[in-house]
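What follows is a single structure, written as structure tokens, with notes after it.
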Number of protein chains: 2
Amino acid sequence: MAAQNLYEELARQLTAVGTVKRGLARNLPPDCPAGPTAVLHLLRRHGELRMSRLAELLAIDMSVTSRHVAHAAERGWIARAPDPLDKRSRLLRLTPSGERLLAEISRRYVDTLAAALQDWSDEEVGQLNSLLIRLRADFGDCRSRGPLPATRTAPA
Amino acid sequence: MAAQNLYEELARQLTAVGTVKRGLARNLPPDCPAGPTAVLHLLRRHGELRMSRLAELLAIDMSVTSRHVAHAAERGWIARAPDPLDKRSRLLRLTPSGERLLAEISRRYVDTLAAALQDWSDEEVGQLNSLLIRLRADFGDCRSRGPLPATRTAPA
DNA sequence: TATTGTTATACTCTATAACTATA
DNA sequence: TATAGTTATAGAGTATAACAATA
């Protein structure tokens, strides 16, 4: 349990990360904004997925996920095959065209970050990754457990 | 200079931070969205500011800053005094009402983060803060120096 | 009746461009 | 002429609610 000013600073820094995200997004192909890009990224990492699982991994509402997927599918980057186990669902996967696009996007991401973070060691980048992963995990747990479970700070 | 997969992971994690930001924003007063909140936060930290300097600190366009400031000023959280040195500018500062609102918002931020990050030590939160600050600084430097300055990776 | 996914609507954040007032 | 700031417009991301098809 950290000091109050550390939390305030963290809240500020988290909102300020948007600057970096916008900087990265500026390098994306004009046809493929950040939302659909994240979809491609997760399909490469996890293989075939259903909408509901993809939305869960993105941590955004399925309605939003549906639009990102539609955007990518209209351009041939994603294929939607019928799910033999449930006719309501479709199984999403990257097409070769989608794989090529994602490779190009990854290359641009890496170039941009490599240029910006010249002075960072592997260990430092890995440390930031680990902390961000843990942040998301703990924050997600907190939300799924409900607001303010009052575990230690006795409310009265 | 870190390995490629570390950069790809960082890009993914940065886009995914939005989940946490949205979680924090859900606890804001309905009248005060995240944009104006950041304005209040920076005015408390830096004291009296001009629009241009505030936009610089927020790292967003002045037109956007202007709208956030107008939102806060309309509700009495910010006062805009004429700048004696330049009649085009106004000096922005928190009002007592704005200070009270920000104190309440900070309290909610801290409560939420304290609940989510129960297992984090002071040092770990501080480490994440430091890395995020450094990330923004290096990324901003990179952008202000122009794209791909080619300092070490000789292009040909 | 419950669940998967889509679509319609609305809100927030941001950038670009046009504009006003002052330097 | 250049700069500080405002406003209009447009684009991206998200959430909620209503809906269709299937379990």
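Computed from a predicted structure; not experimentally measured. Order of the sequence lines sets the chain letters (A, B, ...), proteins ahead of strands, with each chain counted from 1.
For the segment residues 50-65 of chain A, residues with any heavy atom less than 4.0 angstrom from an atom of DNA chain D are, sorted by number, A/I60, A/D61, A/S63, A/V64.
A/R134 approaches B/D119 most closely through the heavy-atom pair NH2-O, 3.6 Å. Smallest separation of non-hydrogen atoms from A/L57 and B/R12: O-NH2, 3.7 Å.
Judged by distance alone, with hydrogens and angles left aside, the side-chain atoms of B/D138 form no donor-acceptor pair with the main-chain N or O of A/L117 at under 3.5 Å.
In this structure, B/D31 places its CG atom 14 Å from P of C/dC11, rounding to the nearest Å. The NZ-C1' distance, from A/K87 to C/dA2, rounds to 19 Å in whole Å. One can place CG of B/L24 at 16 Å from C1' of C/dT12, the figure rounded to the nearest angstrom. The distance from atom CZ of A/R67 to atom C1' of D/dA12 is 10 Å, rounded to the nearest whole Å. Taking atom NZ of residue B/K21 and atom C1' of nucleotide D/dA12, one finds them 13 Å apart after rounding to whole Å. The distance from atom CZ of A/R90 to atom C1' of C/dT3 is 16 Å, rounded to the nearest whole Å.
At the heavy-atom level, B/D83 lies nowhere under 4.0 Å from the strands shown.
The side chain of B/H68 contributes no N or O atom lying less than 4.0 Å from OP1 or OP2 of C/dT12. Note on A/R22: every side-chain N or O is 4.0 Å or more away from OP1 and OP2 of D/dA12. Proximity of B/R88 to the phosphate of C/dT20: no side-chain N or O atom is located under 4.0 Å from OP1 or OP2. Of the side-chain N and O atoms in B/H71, none sit less than 4.0 angstrom from OP1 or OP2 of C/dT12.
Of the residues near DNA chain D, A/G35 and B/D86, the one whose nearest nucleotide (by heavy atom distance) lies more toward the 5' end is B/D86.
Closest to the side chain of B/R26, from the set C/dA23, C/dT12, D/dA15, is D/dA15. Closest approach to the A/A34 side chain among C/dA23, D/dG13, D/dT9 is made by D/dG13 (side chain taken as heavy atoms from C-beta onward).
Taking the charged nitrogens against the carboxylate oxygens, A/E8 and B/R45 have no contact shorter than 4.0 Å, which rules out a salt bridge.
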